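Treat the numbers as computed from the prediction; the structure is a model and nothing was measured. Here is how names work: the chains are called A, B, and so on, in the same order as the sequence lines, proteins then strands, and each is numbered from 1.
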2 protein chains.
Amino acid sequence: MGRQPGYDTAALVRAARRVFWEHGYEQASVPELERATGVNRSSLYHAFGSKRGLYDAALTSYLDEVVRPRLRPLQTPPVQPAALADYLQHLLDALARDATGDGDASRGCLLLSAAAAPIGQDDAVRAVVVAYRAELRAAVAGGLAAARPDLDDTVRAHLAESVTALVVAALALVRVDVVAAADSLRAALEVSRPEPARQPARQSLG
Amino acid sequence: MGRQPGYDTAALVRAARRVFWEHGYEQASVPELERATGVNRSSLYHAFGSKRGLYDAALTSYLDEVVRPRLRPLQTPPVQPAALADYLQHLLDALARDATGDGDASRGCLLLSAAAAPIGQDDAVRAVVVAYRAELRAAVAGGLAAARPDLDDTVRAHLAESVTALVVAALALVRVDVVAAADSLRAALEVSRPEPARQPARQSLG
DNA sequence: GCTTTACTGTAACGTCCATTGCAGAAAAGC
DNA sequence: GCTTTTCTGCAATGGACGTTACAGTAAAGC
């Protein structure tokens with residue numbers, strides 16, 4: 001019983017998601033969320049409790065409506081090798097294209113701000129980011145395994161990690177994955193390496 | 001003539017840099033900068049004009065004292081192939097290690113916030129980021145050319161772009177570079193590719 | 001139609017922010 | 001020692017923020 005909302009909740013969350021996507025959690029102001037959704041702050045707080053509650057709804061909606069549909073081609077066998085190559089190519093390609101466009105994704109991945117900004121310190125948000133990364137890794141590894149069973153296991157593992165790391169690094173800036181990519185690159189460098197001598201030098205670019 | 005500052009300017013900027021590094025420009029508050037530098041806001045505004053002026057000084061100091069020293073091994077011939085492999089390996093390795101540590105770099109690259117945050121919209125800051133990316137690209141390409149003249153030009157170019165893209169993507173999140181990395185990955189996928197047929201599918205992960 | 005429940009508009013709250021004014025303190029040059 | 005220049009401490013300004021209180025309105029169930 002009672003009065004019905006004068007707005008479409010799904011559309012509201014989508015509009016809010018766009019604001020968070022563009023400005024990040026901290027820089028997205030409540031007045032701006034009001035403007036974008038066309039809904040008064042009273043209704044927003046009544047429905048979501050807080051700015052943070054609305055952000056959580058936006059995160060969920062982002063994963064369900066944006067991320068997962070794009071990963072589905074990797075998870076639906078049979079995966080053709082050529083299709084996989086094209087898929088990965090165009091996936092990364094689209095990232096670059098979006099970055100220069102003026103669409104929703106022009107400011108990068110919504111989870112980027114979650115990981116890099118202060119909100120990323122929050123345990124609940126961090127858990128979402130970690131789960132997202134695992135999901136992405138599994139999708140890439142699974143798709144690659146289905147498409148290229150002919151590849152050597154080690155090579156395929158390196159390739160999967162490298163692709164995942166690149167996508168994750170570009171999207172969510174989880175720098176830990178760079179380790180795996182570094183292994184891949186090292187392997188690539190070793191292929192036609194003239195001498196096996198090494199001389200480690202611990203340094204950081206910051 | 002006149003009174004001398006009661007602080008060491010270089011140390012002050014380093015302390016401020018650490019704050020900007022950790023929290024980003026927008027989230028770094030003046031009271032926190034006062035605390036970290038041990039200098040009153042009056043002196044800060046007297047010396048740097050504004051919070052933004054202090055940030056500019058921190059950016060310059062970051063490039064001079066942090067970034068360029070790490071790139072020098074790539075720019076000082078002769079570069080040994082083994083040393084280059086180790087250098088790149090440990091460079092990326094250190095990025096991951098720093099990310100999990102509690103040092104200055106635990107929050108990523110200082111220029112990351114400059115590129116991803118609202119301050120990155122500023123023309124002057126954007127110019128710094130672009131120059132930084134070009135410098136990094138030149139260093140990697142130059143080092144690789146010096147170390148591995150035996151490699152095929154195309155392969156070496158791909159490798160250089162891939163390494164640069166990975167480092168830049170992980171550090172500064174300039175997604176345009178992902179294009180070059182995607183080319184590299186595509187080349188890697190093509191190496192042992194059974195069939196040449198393609199079927200483009202334009203999609204974006206966001 | 002009346003009650004109950006839920007949504008919505010206006011206005012205000014307290015807090016933090018970057019920035020500024022101003023009076024005072026310290027040191028360099030004569 | 002006096003002047004000049006520069007640095008510093010304290011206090012306040014105006015504005016933006018997230019959040020809440022409250023009165024009002026609309027619709028669902030009986």
Subject >> Distance, rounded to the nearest Å, where Y7(A) contributes OH and dA26(D) contributes P >> reply: 17 Å
Subject >> Nearest atoms (heavy-atom pairs only) where S61(B) meets R17(B) >> reply: OG-NH1, 2.6 Å
Original post:
dC17(D), dA28(D), dT19(D): which one has an atom nearest the side-chain heavy atoms of Y45(A)?
Top reply: dT19(D)
**OP:** Rounded to the nearest angstrom, tell me the gap between atom CZ in F48(B) and atom C1' in dA18(C).
**Re:** 17 Å
Original post:
How many angstroms lie between atom CD of E22(B) and atom CD of Q27(B), to the nearest 0.5 angstrom?
Top reply: 12.0 Å
Original post:
Looking at the side chain of N40(A), which of dG18(D), dC10(D), dT10(C) is the nearest nucleotide?
Top reply: dT10(C)
Original post:
Roughly how far, to the nearest 0.5 Å, is the CG atom of L33(A) from the CZ atom of R41(A)?
Top reply: 10.0 Å
Original post:
How long is the line joining OH of Y25(B) and P of dC17(C), in whole Å?
Top reply: 14 Å
Original post:
Do S42(B) side-chain and dC7(D) base share a donor-acceptor contact under 3.5 Å?
Top reply: no
**OP:** Starting from P on dC17(C), measure out to CD on Q27(A) and report it in whole angstrom.
**Re:** 13 Å
Original post:
Does S43(B) put a side-chain nitrogen or oxygen below 4.0 Å from OP1 or OP2 of dC7(D)?
Top reply: no
Original post:
Between L44(B) (CG) and dC7(D) (P), how many Å, whole number?
Top reply: 12 Å
**OP:** For E34(B) and dC10(D), give me the distance from atom CD to atom C1', rounded to whole Å.
**Re:** 11 Å
Original post:
Salt bridge between R126(A) and D122(A), side-chain N to carboxylate O under 4.0 Å?
Top reply: no
Subject >> Atom pair distance, as rounded to whole Å: CZ in R41(A) and C1' in dA21(D) >> reply: 14 Å
Original post:
So which nucleotide from dG18(D), dC17(C), dT8(C) ends up closest to the side chain of H46(A)?
Top reply: dT8(C)
Subject >> Side-chain N or O of S29(B) closer than 4.0 Å to phosphate OP1/OP2 of dC17(C) >> reply: yes
**OP:** Whole angstrom is fine here: how far is it from CG in L54(B) over to P in dA18(C)?
**Re:** 11 Å
Subject >> Parallel, tilted or perpendicular: rings of Y25(A) and F20(A) (30°, 60°) >> reply: parallel
